[in-house]
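Throughout, protein chains are lettered first and strands after them, A, B, ... in sequence-line order, and every chain is numbered starting at 1. Note that these values count all heavy atoms, side chains included, but never hydrogens, waters or copies made by symmetry.
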Amino acid sequence: MSVIKGIKGVKDLLPEETPRWRFIEESARRWATRYGFHELRIPIFEVTTLFARSIGASTDIVEKEMYTFQDRDGTSLTLRPEGTAGTVRAYIEHNRGAIPVPQKYFYTGPMFRHERPQAGRLRQFHQFGVESYGMADPHADIEVIALLWRILNNLGLPSLTLEINNLGQTADRDAYRPILIAYLKEHETGLCGNCKHRIAANPLRVLDCKVPECRTITEPAPRLSDFLSDNARSYFAHVLAGLEAIKIPYTLNHRLVRGLDYYNLTTFEVTATNLGAQNAVGAGGRYDGLVETLGGASTPAVGFAVGLERIAMLLPDSHKSIVATDATVYVAGFGLKGSVAGLTALEELRVSGISAVSDFRSTTLKAHLRQADRLRCQFALLLGDDEVAKGVAVLRNMESKAQHNVLLSALSLQVKPLLSPS
RNA sequence: GUGGGUGUAGCUCAGUUGGUUAGAGCGCCGGAUUGUGGAUCCGGAGGUCGCGGGUUCGAAACCCGUCAUCCACCCCA
């Protein structure tokens, strides 16, 4: 019989890892809530056209990375590759724009992209993201960036850099693009093969190429910042001034271009070293046109998403085992009467609020104590036939080896005070 | 989709120019200790050498294929 294995790029999170993940998720939740964001739970699959329309039909995600399948009636459905599209869809569908207070949401959960797995990249991966609707004000951008920075910084992640850029409005980019293309074509021979391709496919991406030759060529290239409207310019200036006012350190990066079609104006990314080639921990930006694109009323919006796997990779050891565990009692019931009494003792302790475990395979006291040790229980409750005959049990402190008799008739009552550290 | 690295015990890894019965450390089980864990000592179990072909008197090793995994490109969180 062949063994069925997990899918490529889809990982199990084993119990050794889940406390760190809970720590990360709870920390992000707490910060988002503190910033006035509310949790939104959206489905992990949607109609395919939602993603095609929002992310951009010619992006890699839509062209070759989506998990798409047919519903029974033939409708094309897709496992979500990101969270913004579904959030916007829900925002429109439930007419949240009619609510007279800004709608600020956060979400977390799995995303799916069919890519070759590598360090920091999986086919099922997890994101935490926020979206802020209705405020065409630099303060909304600042708030979102501040939240992103606070979450990551508070987790103690090392060597973070916040990079920020101004993409301008669509019209600004439309004016700039042909100028850039003309420049790139002039210098095409010196560019790497990928960039030669990019000139036609996505010229702005050439600016973000890692190949040194490409970077030297694009260094004196015309810059988008010279083609921005006064509005775009002053908007961005306000964002930067706000970040300075609240002491969020940023680096301007005129090469920073986001991959998804819907971004405009402010765009940002937090990167870290020691992450391998995929060094972006989180990224986001403003996407004022998206709600309208998806059939809603024109609505300004800004948001970000962070990659939970990447955060987990960066999380320092000091933050990994922070989960404080209550004292746990190992119940060692052995012998004919002892093992029966052990079962009732286990249940009584648990019902009274005490964490209690046992290994039912162990039949001797020695085996029980060995398991108590391995399970790192601070206490063991010894319960053999002799104890049962006397109506008592022995509570042993595993570290100090001190032992106390407790009455079975008042078990939890007598055990409880002995558990608290003296 | 493209390129490269790695697949030997539960884990981390040795394994000579191809040569008898494939090893170590850690872990696991048992005993020393018949009702008291960890430490020590002694003993023991555990392997389709990823899989399938091929070369050879002989393959864990060489060749071909294949799968898995990791890393990088592309792209992205």
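Between F304(A) and F268(A), the ring planes are perpendicular. Angles over 60° get that label, and only those under 30° would be called parallel.
Judged by atom type and distance alone, E63(A) does not reach the base of G1(B) through any side-chain donor-acceptor pair under 3.5 Å. Between the side chain of R205(A) and the base of C76(B), no donor-acceptor pair under 3.5 Å is found.
Following rounding to the nearest Å, Q371(A) (CD) and G38(B) (P) show an atom-to-atom distance of 11 Å. At whole-Å resolution of the value, CG in L365(A) and P in U36(B) are 7 Å apart. Rounded to an integer number of Å, the gap from CG of L375(A) to C1' of G38(B) is 14 Å. Taking atom NZ of residue K5(A) and atom C1' of nucleotide C51(B), one finds them 11 Å apart after rounding to whole Å. What separates CZ of F268(A) from P of A77(B) is a distance of 11 Å, to the nearest Å. Residue Q378(A) contributes atom CD, which lies 18 Å from atom P of G38(B) at whole-angstrom precision. If you measure from atom CG of D373(A) to atom C1' of G37(B), you get 5 Å, rounded to the nearest angstrom. Atom P of nucleotide A77(B) and atom CG of L148(A) are separated by 12 Å, given to the nearest angstrom.
Y176(A) places a side-chain N or O within donor-acceptor distance of the main-chain N or O of P222(A), the cut-off being under 3.5 Å. Side chain of Y183(A) to main chain of T218(A): no donor-acceptor pair is present (N/O by atom type, distance under 3.5 Å, no hydrogens or angles). Checking side-chain atoms of T48(A) against main-chain N and O of S76(A) turns up a donor-acceptor pair under 3.5 Å. Of the possible donor and acceptor atoms, one in the side chain of R310(A) sits under 3.5 Å from a partner among the backbone N and O of A280(A). Proximity of a side-chain donor or acceptor of S358(A) to a complementary backbone N or O of V331(A) within less than 3.5 Å is detected. Remark: side-chain polar atoms of D385(A) are paired, donor with acceptor, to backbone N or O of K337(A) under 3.5 angstrom. With hydrogens and angles disregarded, no donor-acceptor distance shorter than 3.5 Å links the side chain of Q127(A) to the backbone of G307(A). A donor-acceptor distance shorter than 3.5 angstrom exists from the side chain of H368(A) to the backbone of S362(A), with no hydrogens or angles considered. Checked by atom type and distance alone, the side chain of R350(A) pairs as donor or acceptor with a backbone atom of A356(A) at under 3.5 Å.
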Trace of the side-chain contact (heavy atoms from CB on, under 4.5 Å) decision for V88(A) with Y133(A): CA-CA 9 Å; V88(A) 171; Y133(A) 296 100; 3.3 Å; yes

Strand RNA chain B as a dot-bracket string - pairs counted if Watson-Crick or G-U with both distances under 3.5 Å, | where the partner lies in another strand: (((((((..((((.....[...)))).(((((.......))))).....(((((..]....))))))))))))....

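For the contact set between residues 394-402 of chain A and RNA chain B, defined by any heavy atom under 4.0 Å, the members are R396(A), M398(A), K401(A).
Using atom P as the reference point in both G27(B) and C42(B), the two lie 15 Å apart (nearest Å). Straight-line distance between the C1' atoms of U17(B) and C28(B): roughly 38 Å, to the nearest whole Å. Using C1' as the reference atom, G18(B) and C13(B) are 22 Å apart when rounded to the nearest Å. Taking atom C1' in both A39(B) and G58(B), one finds a spacing of 48 Å when rounded to whole Å. With C1' as the reference atom, G7(B) and G52(B) are 15 Å apart, rounded to whole Å. Remark: the separation of the C1' atoms in U36(B) and G44(B) is 25 Å, to the nearest Å. For the P atoms, the distance linking U48(B) with A60(B) amounts to 14 Å, nearest Å. U21(B) and C49(B) are spaced 14 Å apart, taking the P atom of each and rounding to whole Å.
If you check every strand for non-hydrogen atoms under 4.0 Å, F128(A) touches nothing. Looking at heavy-atom distances under 4.0 Å, L382(A) makes contact with a base. R370(A) comes within 4.0 angstrom of the backbone, heavy atoms only, and of no base.
The side chain of A280(A) has A77(B) as its nearest neighbour among C29(B), A77(B), G35(B). Checking G35(B), U33(B), C29(B) against every side-chain atom of R374(A), the shortest atom distance belongs to C29(B).
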Protein-to-nucleotide contact annotation, 5' to 3' order, nucleotides 69-74 of chain B [B base; S sugar-phosphate only; - none; under 4.0 Å, heavy atom]: SSSBBB

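Interatomic distance, OG1 of T78(A) versus OH of Y67(A), reported as 12.0 Å (0.5 Å rounding).
No salt bridge links E309(A) with K11(A); every basic N to acidic carboxylate O contact stays at or beyond 4.0 Å. Using a cut-off of 4.0 Å between Lys/Arg side-chain N and Asp/Glu carboxylate O, D386(A) and K390(A) are scored as not salt-bridged.
With centres under 5.5 Å and a plane angle under 30° as the test, the ring of F334(A) is not stacked against the base of G35(B).
Comparing E82(A) and C377(A) by the nucleotide of RNA chain B that holds the closest heavy atom to each, the one mapping nearer the 5' end is C377(A).
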